[in-house]
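These numbers come from the heavy atoms of this one structure, side chains and all, not from hydrogens, waters or symmetry mates.
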Amino acid sequence: MKNLLHKRLFDLEHHQTTVKKELMAGLVGFFTIVYIIAVNSFILAEAGIPIEGAVLATILTSFAGCMVMGFWANAPILLVPGMGINALFTYTLVQSMELSWQEALAVVFVSGIAFTIISFTPLTKMMSNAIPQSLKDSITIGLGFFLMLIGLEKGGIVIRGANSIISLGDLSSPKVLATILTFLIAIILFLRNVKGNFLWSILIGTVIAALFGILPEAHSMSFSLSAYGDVFGGMSFDKWTSFPFWVAAFSITMVLVFENIGLVHGHTKFMGHPEKFERAFQANGISALLSGLLGSSPTVSTVESSAAIAAGGKTGLTSVTTGILFLTSILFIPYIKLMPDNAVAPILMLIGGLMVENLRSLDFSDLTEAFPSIFIIAMIPFTYSIADGIAIGFILYPILKLSIGKAKEVSAPLYIIAGLFLMNFIFHFIH
C-alpha cells in the first residue's frame, strides 16, 4: 500500500514528501475548513433546503471535491462549497430571482457543465484575458461586502430600518451581544493565527449562546438519511427554457471561472508546481458539476488550502485525507443543528472582510476602470443580488470606454457578455 502511494497514485518521492507529512497536512486543512459544514448548511437552509439534507449535501460535496482534486490533479487543494457563491445561490437565485432551490440546483449543474467544458478547452485562457482584472477583483470585493452584510443581519447587528433601508439593531438584545462577543473572540483568534480558529469561534459562540439562553431548541438529536433523499438529485429543469434560468447559469459560471482562476493560480504557485494549474482547474469544473447533483452550491478552491500547503502538503494525498475526514464528520450532524446564529454570523463577517482586501489592487487613476468596479462593489450588497451587481458593472465598462474613444480596450467577448446582461435587464423591463 505504501509503495502504491509513493510510486503510482501520488508520486510522493518525486514531490519529496512522506505519507505522514501528507496526512498531517490533510488534518490541518480539515480543521481550518471544517467550519464550512455549519456555515454553508445554514445558508442553503435559507434557500429552503431541509437543514439535515443541507448538512449532508455540504459534507458529501466537500468529500467529492477533495477526492476529485486529489486523484485527478494530485494537488493539495481543498474543494468545498465556496463562500460568496453560496450567497449567490440562496439570496440571488432563490430569494431574488424566485427560482426554487430545486431549480437553483439545476442551474448549478448546468453551470458546472459549462465550467468543465471551459476548463478542458482553450476557453479558460480566452475568458481570463477577456475580462479586465479590475472587474475580476471587484466581484470578489462585492462578494465580501455582501457576506459582511449577511453576517451583520444574521447576528441582529443591523436590521430593516423604519426610516432607512437598514439601521442598527438592539444592542441590548442577548442575540446581538452574543454576536458581538463571538466576533471579537473570532477576530482575535484569527489575528493570533490560532490553528482551527474558525472552528473554535463557532464552538465558543455556541457556548456563549448557551450562557445567554439563546440556543436553538433541540427537538431531536437523531439524524435520518431520509431528509437527504429529496436533496440528492433533486434538480428541477422545469424552467430551463426561461431566460432567467440561463442568466442565473451564466452568472454562476462567470463567478466560478474568474474566482477559481485566481485561486488555483495562487495555490499552484505557492506549492511550487505551477504546471499543475491545468488539471487542478479541471478538477474544479468536475467538482462544481457534482455539486448540483449532490445538492449543494458549487465548490471552489478554498483559500484555506494555503494552510494545508503551508503545513507541508505537496500532493493529492493531502486533499484525499481532508475529504475522508469530511466523510467521518457525518457522525456529528445532530450537533450541528444546535449551532446558533451568533456563532455563524461572525464567521461570515470575518470572511467577508478578508475578501474586501482586494480593494488595494484597484486602479483609481483611470475612472473608466474604477467606476464600473465601484458599481459592482456597491450594487452587489445594495441590490442583494450578486448577478445584478456584476451585470451593472459589466454593462457600464464598455459604455465608458466607448464614450472616450477607447473602444479597442474592450475585448469582443466582453461586448458579448455586456450585451447579454443588458438583454436580461430589457427582458425584465418588458415583462
Test log, rule side-chain contact (heavy atoms from CB on, under 4.5 Å), inputs F145 and I377
CA-CA 8 Å; F145 278 121; I377 294 166; 3.5 Å; yes

Can you tell me if [X] uses its side chain to pair, donor with acceptor, with the backbone of [Y] under 3.5 Å?
X: T124; Y: I118; result: yes
X: S134; Y: L362; result: no
X: E46; Y: Q95; result: no
X: N342; Y: G205; result: yes
X: T321; Y: G26; result: no
X: W246; Y: T241; result: no
X: T182; Y: I204; result: no
X: T318; Y: A25; result: no
X: K175; Y: K154; result: yes
X: T116; Y: G285; result: yes

Find out whether [X] and [Y] are in side-chain contact, i.e. whether some heavy atom of one side chain is under 4.5 Å from a heavy atom of the other.
X: T179; Y: V176; value: no
X: Y35; Y: V80; value: no
X: P372; Y: I376; value: no
X: S301; Y: L78; value: no
X: I77; Y: M271; value: yes
X: L327; Y: I330; value: yes
X: V110; Y: F245; value: yes
X: F89; Y: V107; value: no

Can you tell me how the ring of F146 sits relative to the ring of Y91, calling it parallel under 30°, perpendicular over 60° and tilted otherwise?
perpendicular

Tell me whether the rings of F375 and F371 are parallel (<30°), tilted (30 to 60°) or perpendicular (>60°).
tilted

For [X] against [Y], the heavy-atom pair lying closest together:
X: W72; Y: A283; result: CD1-N, 4.1 Å
X: G295; Y: A57; result: O-CB, 3.4 Å
X: A308; Y: G29; result: CB-CA, 4.0 Å
X: V300; Y: N260; result: CA-OD1, 3.5 Å
X: A178; Y: I214; result: CB-CD1, 3.8 Å
X: W101; Y: G48; result: NE1-O, 3.5 Å

Mind running side-chain contact (heavy atoms from CB on, under 4.5 Å) on F10 and T17 for me, showing each step along the way?
CA-CA 10 Å; F10 304 111; T17 185; over 6 Å; no

Given K314 and D11, is the salt bridge (charged side-chain N to carboxylate O under 4.0 Å, His left out) satisfied, shown in steps?
CA-CA 10 Å; K314 295 182 179 180; D11 198 9; over 6 Å; no

Identified side chain to side chain contact (heavy atoms under 4.5 Å, CB included) partner of T253 from the options V257, L256, V255:
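One option only clears the test, and that one is V257.
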
To the nearest 0.5 angstrom, please state how far the [atom1] atom of [X] sits from the [atom2] atom of [Y].
X: T322; Y: L23; atom1: OG1; atom2: CG; result: 10.0 Å
X: S296; Y: L44; atom1: OG; atom2: CG; result: 5.0 Å
X: N74; Y: H273; atom1: CG; atom2: NE2; result: 9.0 Å

Does [atom1] belonging to [X] count more than 12 external heavy atoms closer than 6.0 Å?
X: L331; atom1: CG; answer: yes
X: Y415; atom1: OH; answer: yes
X: E275; atom1: CD; answer: yes

In chain order, what residues pass the ring pair (Phe, Tyr, Trp, His ring centres under 6.0 Å) check against F109, with sequence neighbours excluded?
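Listed in chain order: nothing, the list is empty.
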
Quick one: are the ring centres of F281 and F115 less than 6.0 Å apart?
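Between F115 and F281, which both carry aromatic rings, the centre distance is below 6.0 Å.
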
What I want to find out is whether D137 reaches R360 closely enough, with some N-O distance under 4.0 Å, to be called a salt bridge.
no

